[in-house]
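Beneath this line is the structure, given in structure tokens, with notes to follow.
In what follows, every heavy atom counts, from backbone to side chain, and hydrogens, waters and symmetry copies are set aside. Numbering starts at 1 and runs along the sequence shown.
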Amino acid sequence: MTEKRSLQYADPVREPRHLDAPRRDVRGWVLLAATMLMPGSVQSFFRTRGSRIPLVITLLTWLLLAVALIVVLIRRQFAFTLATNPFILTFLLALLVVAGVSWVLCLLDTVRRVRLHTLSPRARKRFLAAAAVAVLVVTGGTAYSSFMMNSQRELMSDLFAGGLGERPADGRYNILLLGSDAGEGRDGIRPDSITLVSVDAKTGGAVMIGLPRNMQNVPFTEDSPLAAVHPNGFDCGDECLLNAVYQQGEEHADEYPDDVTPGVEAMKEAVGGVTGLDVQYHAMIDLKGFESLIDAMGGISVVSEKRVPISSEVDPSTGQHGPVKKWIESGEHHFDGYHALWFARSREFSSDYERMVRQRCVQDAMVQQLDPSTLLLRFQDIAQAAPDVVSTDIPQVQVDRFVDLALKTRTAGTTSVDLTPPEVNPTRPDFADVRQLVADTVVESEQTAEEAEAAAETSVGPAATTVAALPTDATGATQEVSLWAAPVAGETGDEQDAEDSEADAAAICSVP
């Protein structure tokens with residue numbers, strides 16, 4: 001009696017022994033490609049215990065990416081939120097690590113399921129090479145991306161403050177920029193540069209207000225603890241200058257809350273009293289640490305049209321510099337941090353206007369030369385240097401907002417004004433006139449921003465020019481003010497400052 005046999009279907013993907021050699025090779029490549037494109041798909045197909053977990057991780061990752069892309073297309077600021085919020089960065093870092101590890105494990109499991117002994121000798125070598133490259137690419141990409149994302153997360157946490165943000169005051173954010181100068185032989189911190197940035201919270205139109213550090217008799221806002229100490233303003237003579245307010249705040253630290261820096265708060269209150277604007281935030285740059293930031297960038301290139309001295313230390317008995325140690329000659333230079341700082345701050349044999357222009361050249365060089373490739377290649381060095389150079393009370397939750405406003409400012413334009421002669425006498429300033437000058441400049445900025453916005457809507461193009469309200473040159477043309485530091489009128493004489501304001505900035509320095 002003949003025994004009957006029933007035919008059973010054998011899945012050639014799961015059981016490659018039923019395939020001929022060419023098809024087994026194709027099977028191996030298909031499984032590897034499927035794992036590269038959709039990690040977890042191969043494991044889910046084989047239906048082993050826990051096999052669907054990698055596919056769920058992959059699908060969840062793709063879903064989050066799709067949702068994020070849609071939100072970014074609708075609201076651009078969300079992209080900056082993803083890149084700057086430490087809590088979101090922590091979540092993304094964890095997701096990246098989990099997805100990367102899952103991907104690598106899926107690749108290794110796929111190699112196992114391919115059953116290398118079923119491949120032809122020639123295909124086996126190529127398959128192993130391709131699988132090894134895939135594992136290295138995924139592992140290296142995950143490790144590098146995790147490292148960069150963690151650096152960004154630490155930068156945001158170290159550089160910016162916690163807590164909630166403040167609302168705009170009269171539709172504007174006002175941020176005080178200070179260049180601190182606590183060098184050897186100096187009594188505490190003295191802001192070497194004082195600039196107030198007022199930004200329209202809607203259009204991004206910005207006003208740069210440069211304040212001379214030797215301004216006298218500065219008033220304080222009504223709610224300032226120093227207003228009771230100095231009811232008639234900071235009016236004790238030549239020693240009571242604007243840049244000395246910082247130390248006044250430190251001396252009355254017990255009158256300020258514990259969670260603020262008294263010196264910074266005092267400066268904000270003084271600048272608010274001078275300009276009539278509510279100063280919400282500050283950013284302080286350590287001019288000494290500024291060297292490390294430029295070094296982290298790999299240096300900057302600047303063209304100097306004049307010789308600039310690197311001076312010896314000041315003799316305490318005479319208050320004068322010693323002999324010049326070295327000259328920065330005219331011509332094109334690629335400065336490291338040390339020489340860039342000297343180029344920007346050197347005072348001897350030059351006027352305040354020249355120094356202001358040199359500072360602007362350094363600033364412009366940093367902005368222009370910090371391109372995406374430099375940022376990518378040197379991000380870790382820059383991230384490590386930044387917290388030692390910049391301190392601020394801008395909260396982490398508002399960084400995305402300010403990044404978005406910075407991009408809008410490129411379109412809306414910047415209006416600048418210096419509270420220096422001939423418009424303002426820093427020795428005997430009329431603060432009512434100063435506040436009116438600031439108010440008029442803000443109105444001008446708003447008009448400029450509206451015009452730029454209208455031009456952008458009609459596809460005329462972004463308004464990239466910087467409009468300078470004051471001072472004007474002999475022809476009536478307006479000039480720019482340094483965004484990096486305000487000039488100091490009076491140190492070389494107010495008349496000399498007025499004459500220097502007519503000089504051609506290009507005859508001092510430029511950015512190649």
Side-chain angles (χ1 to χ4, degrees), residues 168-179 191-201 203-221 234 241-243 245-246 264 266-285 352-353 356-357 359-360 363 392 394 402 405-406 409 412-426 429-449 466-472 478-490 497 501:
D170 297 325
R172 307 188 72 84
Y173 288 109
N174 303 304
I175 307 168
L176 179 62
L177 305 183
L178 300 172
D192 189 61
S193 60
I194 306 167
T195 304
L196 181 63
V197 184
S198 181
V199 186
D200 190 295
T203 66
V207 176
M208 309 292 298
I209 306 168
L211 294 91
R213 63 178 180 268
N214 63 340
M215 179 175 281
Q216 298 183 22
N217 305 322
V218 295
F220 297 94
T221 55
F234 197 31
L241 308 179
L242 178 56
N243 73 334
V245 168
Y246 191 101
V264 170
M267 290 295 300
K268 290 164 65 174
E269 293 160 356
V271 171
V274 170
T275 62
L277 300 177
D278 181 12
V279 183
Q280 297 120 320
Y281 299 119
H282 85 280
M284 179 177 287
I285 301 173
D352 290 317
Y353 177 75
M356 178 190 76
V357 173
Q359 291 172 346
R360 185 167 66 238
Q363 167 204 287
T392 181
I394 296 175
F402 284 114
L405 281 177
T409 300
T414 302
T415 303
S416 302
V417 58
D418 279 343
L419 306 185
T420 55
E423 279 70 28
V424 178
N425 181 352
D430 185 327
F431 291 108
D433 289 345
V434 169
R435 297 186 192 103
Q436 186 61 50
L437 175 61
V438 171
D440 292 343
T441 307
V442 168
V443 172
E444 178 187 343
S445 172
E446 292 172 349
Q447 294 174 347
T448 302
T466 300
V467 181
L470 293 170
T472 57
T478 57
Q479 299 176 344
E480 294 182 354
V481 64
S482 170
L483 310 188
W484 192 77
V488 184
D497 283 334
S501 66

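Residues Leu176 and Met267 form a side-chain contact, since some pair of their non-hydrogen atoms from C-beta on lies under 4.5 Å apart. Counting heavy atoms from C-beta on, the side chains of Val438 and Leu277 come closer than 4.5 Å.
Side-chain atoms of Lys268 do not come within 3.5 Å of backbone N or O of His282 as any donor-acceptor pair.
Listed by chain and residue number, Asp223 satisfy the side-chain hydrogen bond (donor to acceptor under 3.5 Å, both in side chains) test with Thr221 (two or more places apart in sequence, or in another chain). For Thr275, there are no side-chain hydrogen bond (donor to acceptor under 3.5 Å, both in side chains) partners two or more places apart in sequence or in a different chain. Evaluation of the side-chain contact (heavy atoms from CB on, under 4.5 Å) rule for Ser445 yields Arg172, Val207, Thr415 as partners, not counting sequence neighbours. Partners of Phe234 by ring-ring contact (aromatic ring centres under 6.0 Å, His included), not counting sequence neighbours, listed by chain and number: His230. Partners of Asp170 according to the side-chain contact (heavy atoms from CB on, under 4.5 Å) rule, which considers only residues two or more places apart in sequence or in another chain, do not exist here. Partners of Asp440 according to the side-chain hydrogen bond (donor to acceptor under 3.5 Å, both in side chains) rule, which considers only residues two or more places apart in sequence or in another chain, are Gln436. By the ring-ring contact (aromatic ring centres under 6.0 Å, His included) test, Tyr173 is found to be paired with Phe402, residues two or more places apart in sequence or in another chain being considered.
Minimum interatomic distance between Ala270 and Leu242 (heavy atoms only, all atoms of both residues): CB-CD1, 4.0 Å. When all heavy atoms of Ser198 and Asn174 are compared, the closest pair comes out as OG-OD1, 2.6 Å. Leu419 and Leu437 make their closest contact through CD2-CD2, 4.0 Å (heavy atoms, listed as atom of the first residue, atom of the second, distance). In terms of heavy-atom proximity, Ala206 sits nearest to Thr409 at CB-CG2, 3.9 Å. In this structure, Val245 and Ala266 approach most closely via the heavy-atom pair CG1-O, 3.5 Å. Among all heavy-atom pairs drawn from Gln216 and Phe431, the shortest one is O-CZ, 3.6 Å.
Tested against Leu211 for a side chain to side chain contact (heavy atoms under 4.5 Å, CB included), the candidates Thr195, Asp418, Val424, Val274 yield a single pass: Val274.
The salt bridge (Lys or Arg N to Asp or Glu O under 4.0 Å) contacts involving residues 270-282 comprise nothing, where partners must be two or more places apart or lie in separate chains.
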Query raised in the report: Given the rule in the side chain to side chain contact (heavy atoms under 4.5 Å, CB included) test, do Val417 and Met208 qualify, once you have shown the distances and angles that lead to the verdict?
Result: CA-CA 6 Å; Val417 58; Met208 309 292 298; over 6 Å; no

Requested in this report: Please report the C-alpha distance between Gln280 and Ile175 in whole Å, then the side-chain angles of each, then the deciding distance to 0.1 Å, and finally whether the side chain to side chain contact (heavy atoms under 4.5 Å, CB included) criterion is met.
Outcome: CA-CA 6 Å; Gln280 297 120 320; Ile175 307 168; 5.9 Å; no

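To the nearest 0.5 Å, the span separating CD1 on Ile209 from CD1 on Ile194 amounts to 13.0 Å. With rounding to the nearest 0.5 angstrom, the CE atom of Met215 is 12.0 Å from the CG atom of Asn243.
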